[in-house]
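Data block below; observations after.
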Amino acid sequence: MRGLTKEYVIRRLFMYVLTIWLGSTLIFLIPRLVPGDPIAAMVTRMQQQAGYVENSAEIIAAWRARFGLDAPLSIQYLRFLRNSVTLDLGYSLTQFPTKVTEQISKSLPWTIGLLALATVISFILGNTIGALMAWRRTPRAVKSLLPLSLTFTSVPFFMLGILLLYVFAFGLKWFPVGGGYGRGVTMGLNLEFIGSALYHAVLPALAIIISSMGFWALGMRGMMITTAGEDYMVLADAKALTPARIFWGYGVRNSILPQVTALALALGGIVGGAVLVEYIFSYPGMGYLLYQGIVNNDYTIIQGVVFILILTTATAVLILDLLYPFVDPRISYQRR
Amino acid sequence: MTATTANAPATPKKASRLNRFDSPWLNSKFIAGLCMVGFAVLLGLIGPLFWDVTLARVASSPLNLPPIWAHPEGFPPPDPAHPLGTESSGRDMLAVLITGTPRSLMVGFIAAGIGLLVGITLGFLAGFKGGWIDAVIRTLCDAVIVIPSLLVLIVISSYVRQVDIVQMALLLALFAWAFPTRVIRAQALSMRERGYVRMARLSGASTFTIMYREMMPNMLPYLAASFSGAVSGAILAATSLEALGLGPTRIPTLGMTIFYSIRAAAILRGMWWWWGFPILMLMLIFTGFFMIATGLDEIANPRLRGLKAG
Amino acid sequence: MAAQNLPGTVGTITNGQPDPNAVLDVQELRVHYETPGGAVIAVNGVSFKVRRGETMGLVGESGCGKTTAAMAVLHMVQPPGRIVGGHIFINGTDIVPLSEAELREFRWRQAALIPQGAMNSLNPVMKVRDQIGDGIETHEGKQPKDVLKRRILDLFGTVGLSSRVYDLYPHELSGGMKQRVCIAMAIALNPPLVIADEPTSALDVVVQRIIAQTLLEVKARLNVSMILIGHDMGLQAQLVDRIAVMYAGNMAEIAPVKSAFAEPMHPYTQLLIASIPSIKHKKPLKVTEGLTHDLRNPPPGCMFQLRCPRAMDVCRQVRPPLRELKPDHQVACHLYA
Ligand SMILES: Nc1ncnc2c1ncn2[C@@H]1O[C@H](COP(=O)(O)OP(=O)(O)OP(=O)(O)O)[C@@H](O)[C@H]1O
Ligand code: SF4
Ligand SMILES: [Mg+2]
């Protein structure tokens with residue numbers, strides 16, 4: 001049977017759950033293992049603020065129950081797991097009666113949009129460049145220009161973001177210095193908003209694209225060099241297929257497979273990097289929300305944002321994994 | 001076999017002799033990368049001999065001085081006593097670079113060192129023992145790689161605001177082992193399939209001996225590449241945390257300097273030297289490690305060297 | 001050194017004019033691989049012909065330049081190799097000077113390849129039908145789906161593949177099936193010339209015989225001319241009409257298969273035939289050490305001198321030209337001067 005086998009899907013689902021469990025356990029456990037009790041401090045702090053909020057006593061009681069500060073660690077942990085599974089992330093500490101999930105649901109689309117846009121462009125661009133770098137028939141002039149695209153490989157996204165911000169927003173004033181859309185634009189499915197959002201996304205996306213495409217290009221170049229030595233490439237030449245068909249259908253099509261795996265492995269790093277880009281550009285996504293959580297010591301926001309981002313990343317990886325057998329027909333036969 | 005080699009014409013012998021002169025380690029990218037990282041290391045080592053590092057303290061210098069070659073409007077004239085300028089709380093940028101660079105490097109080296117040690121142990125164990133040990137290690141590894149480690153570190157360090165460099169490095173090492181483990185496991189697996197390890201096994205050598213005598217030398221480029229990748233990964237994570245205002249606060253690190261500059265809106269005030277020099281330094285370090293890793297990759301896979309792909 | 005090119009072996013008519021009776025007329029072909037240590041002279045002035053409807057065997061030990069010569073015939077020597085001299089006439093047209101675009105017109109239509117290593121010659125991510133189909137459609141333009149399918153299934157019939165294979169991926173096929181797919185691909189456009197590079201070497205003995213049988217049938221049915229490269233002298237004896245023996249980039253002997261086996265003239269051919277294992281007559285294996293010279297630096301004189309049991313003084317100085325000693329039987333050896 002081709003495509004998805006039961007064993008494969010079960011294995012991937014297991015990895016999915018394991019990843020999320022591991023990530024959330026780390027963010028639960030480590031803060032509790034270090035000396036000091038930040039949560040006690042947090043509740044105290046909340047009590048000070050909550051003097052102004054109606055029903056504060058009840059809410060604080062609910063909070064105490066949520067953190068179960070009096071309960072043993074194991075009970076706390078089980079509750080934490082239950083709350084995670086039900087996506088009950090509690091209340092924001094600084095904007096007290098607001099639920100964390102409410103804030104996140106406003107921010108998450110921005111992050112997913114930016115990341116998806118930037119990652120897809122960077123992946124396509126980088127892989128094409130890398131493939132052309134290794135392709136025998138690439139015109140000499142093009143070939144000599146391609147390595148330029150590698151200049152900013154390995155420069156962290158956010159540092160490139162600062163450079164772009166300085167040059168194109170502060171210096172040349174071509175792009176806005178931050179935000180997700182222009183002032184006075186109403187959010188919604190209208191052209192003005194979409195245009196404004198895209199305009200504001202250019203620099204943050206460029207920061208991610210420029211510094212990550214070299215990674216794809218180098219990986220692809222290596223794979224194409226390996227693929228070029230394969231017997232099926234020789235036979236494709238002997239069959240006198242058009243160069244475009246050999247390049248895409250034989251060369252790239254085979255070389256891209258390890259790159260898809262690499263994408264799954266790199267996604268966690270990309271998400272982490274994007275969080276900082278959002279912070280630099282005050283982009284209204286999860287990264288900016290996270291930064292505000294850090295500034296305000298809003299631990300529920302921090303925990304909630306990170307948990308949801310871990311969940312999102314793992315889900316994206318799961319989707320990639322489940323799509324993989326459709327691009328590589330051999331996969332159901334060999335255990336990865 | 002031996003007879004043939006002994007009688008063989010001069011070709012292969014000459015080739016290998018040539019190779020010894022023309023050692024693959026003399027890879028230009030590798031060497032350029034080493035030089036870049038070396039420069040950063042040297043700056044931290046001998047910089048304090050030539051420059052007063054106490055100028056990195058707050059209010060040790062006049063505020064907002066531009067570098068000596070720049071004359072931006074709205075800023076005081078540059079002062080030769082502060083060649084790279086100063087920032088808004090009166091730190092001398094050169095002193096900041098000299099004190100901050102080695103701290104970033106140290107965090108990276110410690111974290112990567114621990115990560116690599118764990119990676120070697122687990123990677124060899126998995127690749128060599130196989131079976132359920134391999135399954136467990138591989139699964140754990142894949143899971144850890146998928147988790148956005150920076151975010152977990154953000155959570156941890158937002159609770160634990162005061163960490164020193166070693167604690168920071170330990171935290172980073174929590175994630176630094178996964179990639180090396182993966183790489184080393186794959187290499188160990190492929191080497192296990194190759195003849196010489198099997199031969200050594202048949203001749204009764206212990207697992208340990210096989211690991212260190214037979215496999216290590218062949219793995220050297222991969223280990224070194226993993227290490228340099230892990231160092232720059234750890235420095236990136238540390239810098240990112242610092243840039244968010246987390247991590248060690250008492251000492252000016254490069255990331256912390258970037259954080260202060262962002263908080264003070266240095267980008268929009270045109271004080272490029274405030275964030276520019278730390279970023280330049282970090283770019284040098286990252287590019288250096290990156291070139292080391294690329295060079296090592298070419299050393300390990302000769303096919304990548306030229307662009308002679310057919 | 002590439003510079004000290006000695007006069008190569010001389011074929012019968014190597015006058016730069018194509019032989020009208022030959023599908024393929026290779027004259028004075030030279031192929032070098034440019035390596036850092038100097039040019040490897042893989043094919044050193046080789047001439048041979050393939051007549052219409054004939055199967056010519058090309059034998060010689062590993063590394064003697066068979067694949068290189070075959071790839072040169074398609075003008076597809078893999079880098080860093082290149083054709084540095086000679087003519088390759090296919091149906092009267094010299095393909096050596098042709099441009100890449102002109103070559104694409106000619107390849108696969110005029111000369112198809114059954115590659116060495118069919119195991120890895122199929123694109124692993126493409127269904128078999130698409131890999132046969134893309135060759136056809138590239139040369140003949142887009143075709144209606146059902147027409148193409150009919151045609152591919154017909155090809156399957158010719159090479160003895162079940163129609164089930166149509167929808168499979170390469171990794172779902174056995175080695176023998178992959179080899180058949182490669183044969184089907186090669187004859188898809190009915191080319192006048194098919195080059196089969198060791199089509200059986202990676203297969204087990206039984207499958208080898210079956211594939212050989214398939215090749216014979218295909219040849220009989222389509223009347224193609226074929227170059228059959230191989231090591232296996234036994235198989236060659238059954239399959240080919242004429243046999244060409246190469247040694248270290250040079251042609252040693254070309255003869256009709258019967259006389260080559262009955263009365264081999266070149267000492268290297270004699271050695272090859274003597275080392276065919278036989279059950280009837282048990283004989284000690286005649287193996288000469290791998291004392292080949294460095295292909296980058298061929299010695300003056302005969303290429304075989306280091307291993308030749310009958311080498312003479314003249315052999316170390318003068319390169320023996322390929323001469324027709326008997327009707328249709330050419331040998332390059334000083335023994336018959
Ligand atoms: N890419 C290359 N670079 C350098 N030398 C090469 C290259 N490819 C082949 N050669 C040399 O050219 C010579 C002829 O190689 P070729 O592949 O044509 O031999 P062959 O007769 O087909 O051998 P086999 O029976 O093993 O297939 C060999 O000595 C080989 O070392
Ligand atoms: S020419 Fe001389 S060396 Fe060469 S095969 Fe004939 S006898 Fe042997
Ligand atoms: Mg060959």
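Just so it is clear: chains get the letters A, B, ... in the order the sequence lines come, proteins before strands, and each one is counted from 1.
In this structure, chain A has a heavy atom under 4.5 Å from the side chain of B:L174, while its backbone stays farther away. For A:I270, no part sits under 4.5 Å from any heavy atom of chain B, backbone or side chain. Residue contact with chain B, scored on non-hydrogen atoms closer than 4.5 Å, involves the side chain of A:L218 exclusively. In this structure, chain A has a heavy atom under 4.5 Å from the side chain of B:I262, while its backbone stays farther away. For A:F158, the part lying near chain B is the side chain, with the backbone staying farther off; criterion is any non-hydrogen pair under 4.5 Å. Proximity to chain A (any heavy atom under 4.5 Å) is shown, for B:I267, by both the backbone and the side chain. Contact of B:L150 with chain A is made through the side chain alone, with heavy-atom distances under 4.5 Å. In this structure, no portion of A:Y16 lies under 4.5 Å from any heavy atom of chain B. In this structure, chain A has a heavy atom under 4.5 Å from the side chain of B:F179, while its backbone stays farther away. Contact of A:I20 with chain B is not made at all, since no heavy-atom distance falls under 4.5 Å. In this structure, chain A has no heavy atom under 4.5 Å from any part of B:L153. With a threshold of 4.5 angstrom between heavy atoms, A:L276 approaches chain B through side-chain atoms but not through N, CA, C or O.
Of the listed residues (B:S240, B:A293, B:S232), the greatest number of heavy-atom pairs within a distance under 4.5 Å of chain A belongs to B:S240. Counting heavy-atom pairs under 4.5 Å between each of A:V317, A:I162, A:L267 and chain B puts A:I162 at the top. Each of B:P278, B:G276, B:G270 has some count of heavy-atom pairs under 4.5 Å with chain A, and the biggest count is that of B:G270. Of the residues considered (B:I145, B:I279, B:D297), B:I279 shows the highest number of contacts with chain A, using heavy-atom pairs under 4.5 Å. Ranking A:P156, A:G293, A:G222, A:G287 against chain B, the residue ahead of the rest is A:P156, based on heavy-atom pairs under 4.5 Å.
Side-chain atoms of A:F14 and B:T139, non-hydrogen and from C-beta on, do get closer than 4.5 Å to each other. A:Y291 has its side chain out of reach of B:I154: every pair of non-hydrogen atoms, C-beta onward, lies at least 4.5 Å apart. A heavy-atom distance below 4.5 Å is found between the side chains of A:I310 and B:P148. With a 4.5 Å cut-off on side-chain heavy atoms, B:I147 and A:T313 do not count as touching. Side-chain contact check for B:T287 versus A:F152: every heavy-atom pair is 4.5 Å or farther apart. Contact annotation: the side chain of A:L290 approaches that of B:L151 to within less than 4.5 Å [non-hydrogen atoms, C-beta and beyond].
Shortest non-hydrogen contact noted between B:V146 and A:A314 is CG1-CA, 4.1 Å. Nearest heavy atoms, A:Y279 versus B:A243: OH-O, 2.6 Å.
Between the CZ atom of B:F286 and the OG1 atom of A:T153 there is a distance of 13.5 Å, given to the nearest 0.5 Å. Rounded to the nearest 0.5 Å, atoms CG (B:D142) and CE (A:M15) are 4.5 Å apart. Here the CD1 atom belonging to A:I294 is positioned 6.5 Å from the OG atom belonging to B:S158, to the nearest 0.5 angstrom. Within the model, atoms CG of B:L236 and OG of A:S154 stand 10.0 Å from one another, a figure rounded to the nearest 0.5 Å. Residue B:I258 holds its CD1 atom at 4.5 Å from CE of A:M159, rounded to the nearest 0.5 Å. With values rounded to the nearest 0.5 angstrom, A:I280 atom CD1 is found 8.0 Å from B:L244 atom CG.
A centroid separation of 6.0 Å or more is found between the aromatic rings of A:F170 and B:W272.
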Hey, mind stepping through A:L160 and B:M283 against side chain to side chain contact (heavy atoms under 4.5 Å, CB included) and telling me if it holds?
CA-CA 9 Å; A:L160 200 62; B:M283 275 171 66; 6.0 Å; no
